[in-house]
Amino acid sequence: MLRSVKGLKDILPHQSSQWQHIETVARTLATQFGFSEIRIPIFEFTELYARSIGGTTDIVEKEMYTFPDRDGSSLTLRPEGTAGVVRAVLEHSLLDSPTSRKLFYFGPMFRHERPQAGRYRQFHQFGVEALGTDHPLIDVEVIALLWQFFSLLGLKDLTLHINSIGTLDDRGDYIQRLKKFLTPLLPDLCGNCQRRYSTNPLRILDCKVPICQETTKEAPVLIDDLSEDSRIHFTDVLDGLTALEIPYSINHRLVRGLDYYSRTTFEITSPHLGAQSTIGAGGRYDGLFQALQGPPTPAIGFAVGLERVILLLTEHHSINPVPLFFIAGFGAVGKSRAFKLLHELRQSGIRADTDHKANTLKALLRSADKLGAEYSIILGDDEANSETVLLRNMQTKVQEIVTLKEITQKILANL
RNA sequence: GUGGGUGUAGCUCAGUUGGUUAGAGCGCCGGAUUGUGGUUCCGGAGGUCGCGGGUUCGAAACCCGUCACUCACCCCA
């Protein structure tokens with residue numbers, strides 16, 4: 001049997017209402033916060049991701065779905081959304097349009113990782129990007145949006161971790177200090193961290209290996225090396241969160257994995273998932289526009305892993321508010337008259353269905369029951385001859401005679 | 001890329017120290033006389049026991065290989 005590709009998941013009919021619910025909440029909320037939706041391609045030139053995410057990150061090094069186009073240019077299925085949004089913003093000069101500086105998006109992302117609970121090779125994100133300002137209150141807005149999104153979905157026991165990793169300059173100084181501190185301790189670190197020492201020393205702070213956590217306990221804290229501007233920015237963000245009564249936990253070891261982050265970084269975790277406990281994360285990326293040859297443009301955004309959110313949803317949102325009318329047509333004349341009625345009801349905007357295989361009233365009602373119909377409309381030869389139908393309430397079993405002429409109006413009047 | 005766990009019906013799972021035609025529940029299809037569903041009763045369909053090899057008189061079970069799924073590491077949302 002043909003199976004789906006490893007790490008890819010079908011969203012089956014019984015799950016799609018949950019997805020629709022999440023998307024509706026996200027769209028409504030983002031719009032309330034002044035964001036507009038942008039829809040960008042699912043693949044881009046490989047160079048875009050290589051330049052924005054960072055050449056030494058795992059994503060670029062080994063997780064991208066990259067393939068040659070027919071003309072030989074290298075294309076890549078998008079591993080995240082921010083790079084594509086920034087590219088689109090530059091390409092269409094959206095920064096010049098005041099209504100296009102706060103954007104949100106939905107869609108599938110692709111990373112070639114080993115699948116695991118809450119991690120797939122094709123996964124879906126909801127993300128927002130606020131462009132063009134580094135005012136600390138925009139950071140607060142973005143985080144507040146993320147926090148309110150999860151709260152509207154009823155997610156419990158979440159923790160907001162927040163940190164500032166400073167500007168590129170701040171970090172330059174800090175990394176020197178950090179390396180100086182680590183140099184004599186190198187032999188104690190895990191193999192991975194020994195490699196990180198030269199590639200991405202910041203990540204060593206984030207290492208989960210106990211030995212590394214222990215040896216870096218006394219490591220210099222990045223906050224201490226922040227410039228005055230960065231430090232004030234960070235405290236302003238924290239004060240803003242406090243003012244909005246959003247609880248946070250400062251985590252000096254929170255280092256985002258993508259190179260383009262700067263200053264504010266944050267993530268929200270849940271204790272009810274497996275190892276992949278981050279359901280939403282983001283940060284400021286003031287240098288990304290320039291890295292993509294755009295004008296200096298501060299920006300901040302987040303991305304939510306929707307599969308992980310689905311895993312946390314307890315309520316099953318069976319949005320099925322529109323009553324279903326089942327057309328039970330049988331007999332030589334009744335069957336064909338019923339099919340015409342079915343079409344008439346649908347043209348009038350009524351939710352209606354039938355079962356072509358069922359030919360006896362018993363079989364038809366059984367189908368009506370299985371489809372969960374609120375009403376059945378019984379139309380046999382007797383009814384067809386008298387130009388009527390029987391409108392049966394499936395729950396109360398009450399039936400009434402209605403003329404074919406009036407049935408549509410009657411249903412519409414009672415909906 | 002590395003390690004652990006698991007593969008029996010559409011789904012969830014039984015299956016004795018290796019022993020005849022491999023089972024249950026749910027689901028699906030049908031029947032219980034006339035044009036009335038759900039409950040009940042009865043019947044039916046559906047399985048190369050993941051795949052390939054080996055041991056054996058005999059393998060769903062034991063051994064080897066392989067694939068898939070899954071959890072974890074790495075990393076990330």
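Heavy-atom basis, side chains included; hydrogens, waters and symmetry copies ignored. Every chain is numbered from 1 and lettered A, B, ... according to where its sequence line falls, protein lines coming before strand lines.
Between B/U36, B/A77, B/C76, one nucleotide has an atom nearer to the side chain of A/R111 than all others, and that is B/C76. Considering only side-chain atoms of A/K362, the nucleotide from B/C29, B/U36, B/A77 that sits closest is B/U36. The side chain of A/Q276 lies closest to B/C76, out of B/C76, B/G31, B/U36. Minimum atom distance to the side chain of A/L361 is reached by B/G35, of the listed B/G35, B/A77, B/C29. In the set B/A68, B/G35, B/U36, the nucleotide with an atom closest to the side chain of A/D382 is B/G35. In the set B/G38, B/U70, B/C74, the nucleotide with an atom closest to the side chain of A/K397 is B/G38. Closest to the side chain of A/A117, out of B/G35, B/A72, B/C76, is B/A72. For A/Y261, the side-chain atoms get nearest to B/A77 when compared with the rest of B/U36, B/G38, B/A77. Closest contact between the side chain of A/T278 and the listed nucleotides B/G35, B/A77, B/C73 involves B/A77. Of all nucleotides listed (B/G31, B/C74, B/C28), B/C74 comes nearest to the side chain of A/K62.
B/C74 and B/G15 have their P atoms separated by 37 Å, with the value rounded to a whole Å. Between the C1' atoms of B/C49 and B/G23, the separation comes to 12 Å (whole Å). When the P atom is compared between B/C62 and B/G7, the two are found 10 Å apart, to the nearest whole Å.
Remark: C1' of B/U36 and CG of A/N359 are 16 Å apart, rounded to the nearest angstrom. Taking atom CG of A/L371 as the reference point, atom C1' of B/G37 lies 12 Å away to the nearest angstrom. The nearest whole Å value for the distance from the CZ atom in A/R308 to the P atom in B/C76 is 11 Å. Between the CG atom of A/L273 and the P atom of B/C76 there is a distance of 18 Å, rounded to whole Å. Taking atom CD of residue A/Q15 and atom C1' of nucleotide B/C11, one finds them 14 Å apart after rounding to whole Å. Atom CZ of A/F104 and atom P of B/A77 are 20 Å apart (whole Å). Whole-Å rounding puts the A/L158 CG to B/A77 C1' distance at 14 Å. Going from atom NZ of A/K6 over to atom C1' of B/C67 covers 9 Å, rounded to whole Å.
For a distance-only test at 3.5 Å, the side chain of A/E113 fails to qualify as a donor-acceptor partner of the base of B/G1. Contact of A/E267 with B/C76 (side chain to base): no donor-acceptor pair of N or O atoms is detected under 3.5 Å.
Between A/F104 and A/F106, the angle of the ring planes goes over 60°, which puts this pair in the perpendicular group of the 30/60° scheme. Relative ring orientation between A/Y375 and A/F325 is described as parallel, the plane-to-plane angle staying below 30° on a 0-90° scale split at 30° and 60°.
Nucleotide B/C57: paired with B/G19 (Watson-Crick or G-U wobble, both distances less than 3.5 Å).
Between A/F266 and A/Y248, the ring centre distance reaches or exceeds 6.0 Å.
Once the 5.5 Å centre distance and the 30° plane angle are applied, the aromatic ring of A/F330 is found not to be stacked with the base of B/G35.
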Could you please spell out the steps behind the salt bridge (Lys or Arg N to Asp or Glu O under 4.0 Å) verdict for A/E37 and A/R39?
CA-CA 7 Å; A/E37 181 168 4; A/R39 302 195 185 193; 3.2 Å; yes
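Not one side-chain nitrogen or oxygen of A/R366 sits closer than 4.0 Å to the OP1 or OP2 atom of B/C29. Between A/Q116 and B/C71, a side-chain N or O to OP1/OP2 separation shorter than 4.0 Å is absent.
Cation-pi geometry between A/K335 and A/F330 is not met: the NZ or CZ atom fails to fall both under 6.0 Å from the ring centre and inside 45° of the normal.
Of the candidates A/I377, A/T388, A/L341, A/L341 is the only one forming a side-chain contact (heavy atoms from CB on, under 4.5 Å) with A/L404.
More than 12 heavy atoms of other residues, nucleotides or ligands sit less than 6.0 Å from atom NZ of A/K179.
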